[in-house]
Amino acid sequence: MSKPVMIVTGGSRGIGAATALLAAERGYAVCVNYLHNRSAAEAVVAAICDAGGEALALAGDVAVEADVMALFQSVDSQLGKVTALVNNAGILERQMRVEEMDVARLQRVLNTNVIGSFLCAREAVRRMSTRFGGSGGAIVNLSSMAAKLGGPGEYVDYAASKGAIDAMTVGLAKEVADQGIRVNAVRPGVIYTEIHASGGEPGRVERVKDSVPMRRGGNAEEVARAVLWLLSEEASYCTGTFIDVSGGR
Ligand code: NDP
């Protein structure tokens, strides 16, 4: 029997890589999408294939419509029709007060985090929807505790982008619920990944962990497990819902 097919955007490192590896262990054929980091994406694919799984690394900017369409078409032809999408690709720019922030930066963050998730969800719905001859599927969006709590730190652009993800999750879930598609989201707290360094704050998790009730940062694998659960049949009656993976924050 052919394997269910998953696309993980931004699967080359961090939470996306952990999700791709766990998905392969659970029997999915996985497309590991990346933007720049081809060698890291290929390393994730090699680890999956060495363990007997099936995976493919595909470049593509989720914020660019033509890239997203090409990505989904390549997956169709090389792995089969997608039944699970993890909208994981996201960016965090360096901490900055609102009075310093320009519109170009806000647009960059919204382009990747919101428009990227929208474009991928739209392509997924076109393939999964029972209305268009698909057999259904599930989508998980990576939100953030920043959608509910803001910071910690000065990232109003990022908080706004993740608030939009929360609203899109609920809106899309209701729209496609009768088409065999479930849409949910995970809100990580502070997780040990490179995103904090790209946000200009290496060591950030160590600095903020005392504000976490469990007094530690989370690991990418702890987020991946929640993502996989929401995609699985165990969550068959969950749509438009959220799991906070935040150590109690
Ligand atoms: P990382 O910075 O570790 O990884 C980001 C991934 O996204 C990389 O694989 C990167 O590809 C990819 N990417 C970035 N921009 C694009 C794009 N335009 N098109 C395609 N791929 C892209 O991030 P995390 O693993 O930490 O975060 C994953 C998700 O979880 C994000 O949505 C983030 O906002 C969210 N999150 C993370 C938290 C944390 O503490 N880590 C907390 C809350 C939410 P490449 O390697 O090629 O550059």
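Heavy-atom basis, side chains included; hydrogens, waters and symmetry copies ignored. Note that the structure is a prediction, hence the values are computed from the model and not measured. Just follow the structure's listing: the first ligand is 1, and inside any ligand the first atom is 1.
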Under 4.0 Å from ligand 1, counting heavy atoms only: the protein residues, by chain and number: Gly10, Gly11, Ser12, Arg13, Gly14, Ile15, Asn33, Tyr34, Leu35, His36, Asn37, Gly60, Asp61, Val62, Asn88, Ala89, Gly90, Ile91, Thr112, Leu142, Ser143, Ser144, Tyr158, Lys162, Pro188, Gly189, Val190, Ile191, Thr193, Glu194, Ile195, His196
Name of the residue among Arg126, Arg127, Lys81 meeting salt bridge (Lys or Arg N to Asp or Glu O under 4.0 Å) with Asp76: Arg127
Hphob cluster co-occupancy, Leu92 + Tyr34, side-chain heavy atoms under 4.5 angstrom: no
Separation of Ile15 CD1 from Asn88 CG (nearest 0.5 Å): 6.0 Å
Point-to-point distance, once rounded to the nearest 0.5 Å, from OG of Ser12 to CZ of Arg38: 13.0 Å
With sequence neighbours excluded, residues passing salt bridge (charged side-chain N to carboxylate O under 4.0 Å, His left out) with Arg105: Asp157
Salt-bridge present (Asp244, Lys148; N to O < 4.0 Å): yes
